[in-house]
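Just so you know, residue 1 is the first one in the sequence shown, and it goes up from there. Here the structure is a predicted model, which is why all the values come from computation and not from measurement.
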Amino acid sequence: MSNIMKYKGYWAEIKYSDEDECFCGAIDGLKNTSISFEGNTVKELKKDFKDAIDYYLSICKERGEEPEKQVKGSLNVRLGVELHNKAKMKSIEKHISINELIKEAVTMYLKTN
């Protein structure tokens, strides 16, 4: 079961705060903005989540700013020497870049899981 809420291209992992006795979450990956939300019920949580994102997007629109995205589409992956070597050799065999090989591997993994 997933504890992730999604809305308008944003996502957040949901947690339960025993101390506050409520559900809460925050949008990860934004460098210049903090968006958090909470609710005592799932219905309240969903509403606060959507309201927080809608508010953020409206502020960006007012200011003429591009809203931040959680991910940029590039990442630094540490494979270790042995796995990196194997991946490079396989990419050479397939006549593709190592980047393309890793994209293919992640795509295949996501389709099967």
Side-chain angles (χ1 to χ4, degrees):
M1 183 164 124
S2 174
N3 291 324
I4 297 176
M5 293 181 109
K6 297 177 252 180
Y7 181 65
K8 292 189 176 179
Y10 292 90
W11 54 269
E13 184 178 3
I14 306 307
K15 298 181 180 181
Y16 178 75
S17 171
D18 196 36
E19 182 180 318
D20 298 326
E21 296 183 336
C22 71
F23 299 103
C24 56
I27 309 287
D28 291 329
L30 304 178
K31 293 185 185 218
N32 302 312
T33 305
S34 177
I35 302 174
S36 59
F37 52 95
E38 62 182 39
N40 293 320
T41 66
V42 173
K43 188 174 184 174
E44 286 178 10
L45 180 72
K46 284 182 179 180
K47 181 178 181 344
D48 202 37
F49 175 60
K50 290 177 179 181
D51 287 350
I53 292 170
D54 286 340
Y55 177 74
Y56 170 65
L57 295 174
S58 71
I59 293 296
C60 289
K61 188 175 182 178
E62 263 180 39
R63 295 178 181 167
E65 298 173 355
E66 189 68 29
E68 284 187 78
K69 299 294 180 195
Q70 287 177 274
V71 296
K72 306 294 184 241
S74 65
L75 64 128
N76 184 3
V77 179
R78 291 175 181 83
L79 300 175
V81 174
E82 187 176 333
L83 188 55
H84 190 169
N85 242 342
K86 287 179 181 179
K88 183 61 181 172
M89 300 291 261
K90 183 57 80 174
S91 74
I92 291 168
E93 287 174 19
K94 293 183 75 166
H95 305 289
I96 60 175
S97 69
I98 194 167
N99 189 62
E100 191 60 37
L101 179 85
I102 292 169
K103 284 179 15 184
E104 283 182 15
V106 170
T107 300
M108 285 178 20
Y109 179 81
L110 292 174
K111 283 181 182 176
T112 60
N113 287 310

Main-chain N/O of Tyr109 paired to Thr112 side chain as donor or acceptor, under 3.5 Å: yes
Keeping the roles fixed (side chain from Gln70, backbone from Asp28), state whether a donor-acceptor pair exists under 3.5 Å. yes
Close side-chain approach of Lys88 to Leu101, heavy-atom, < 4.5 Å: no
Is any side-chain heavy atom of Glu93 closer than 4.5 Å to a side-chain heavy atom of Lys90? yes
Rounded distance [0.5 Å steps], CD1 in Ile96 versus NZ in Lys103: 10.0 Å
Compare every heavy atom of Glu44 with every heavy atom of Thr41, then report the nearest pair and how far apart it is. OG1-N, 3.0 Å
Between Thr107 and Leu110, is any pair of side-chain heavy atoms under 4.5 Å apart? no
Which is it for Lys8 and Asp54 under the side chain to side chain contact (heavy atoms under 4.5 Å, CB included) test, yes or no, and what are the steps along the way? CA-CA 9 Å; Lys8 292 189 176 179; Asp54 286 340; 2.8 Å; yes
Output side-chain donor-acceptor pairs under 3.5 Å for residues 16-25, partner residues at least two apart or in another chain, one line each.
unit_1 : atom_1 : unit_2 : atom_2 : d
Ser17  : OG     : Asp20  : N      : 3.1
Ser17  : OG     : Asp20  : OD2    : 3.4

Indicate yes or no: does Glu100 engage Lys94 in a salt bridge with an N to O separation below 4.0 Å. no
Atom of Phe37, atom of Ala26 and distance for their closest heavy-atom approach: CE2-N, 3.7 Å
Tell me if the NZ atom of Lys43 is crowded by more than 12 foreign heavy atoms within 6.0 Å. no
Would a hydrophobic clustering, with Ile, Leu, Val, Met, Phe, Trp and Tyr connected at side-chain separations under 4.5 Å, put Ile27 with Ile59? no
So how far is it from Ile53 CD1 to Lys6 NZ, rounded to the nearest 0.5 Å? 12.5 Å
Single-linkage hydrophobic cluster Met89~Val81, side-chain heavy atoms < 4.5 angstrom: no
Are Leu45 and Met5 packed together at the side-chain level, in the sense that at least one heavy-atom pair is separated by less than 4.5 angstrom? yes
Can you tell if the side chain of Lys46 reaches within under 4.5 Å of the side chain of Tyr7, non-hydrogen atoms only? no
Ser36 and Ala52 have their tightest heavy-atom pair at O-CB, 4.1 Å
Find the distance between CD1 (Ile35) and CZ (Phe49) and round it off to the nearest 0.5 Å. 9.0 Å
Would a 4.5 Å heavy-atom cut-off, applied to side chains only, mark Lys15 and Glu13 as touching? yes
CG of Leu79 to CD1 of Ile102: how many Å apart, nearest 0.5 Å? 5.0 Å
Can you measure from CD (Glu68) to NZ (Lys31) and round to the nearest 0.5 angstrom? 8.5 Å
With no hydrogens and no angle check, is any side-chain donor or acceptor of Asp48 less than 3.5 Å from a backbone partner on Glu38? yes
Is there a path of hydrophobic side-chain contacts, each under 4.5 Å between heavy atoms of I, L, V, M, F, W or Y residues, that connects Tyr10 with Tyr55? no
Do other residues, nucleotides or ligands put more than 12 heavy atoms under 6.0 Å from Glu65 CD? yes
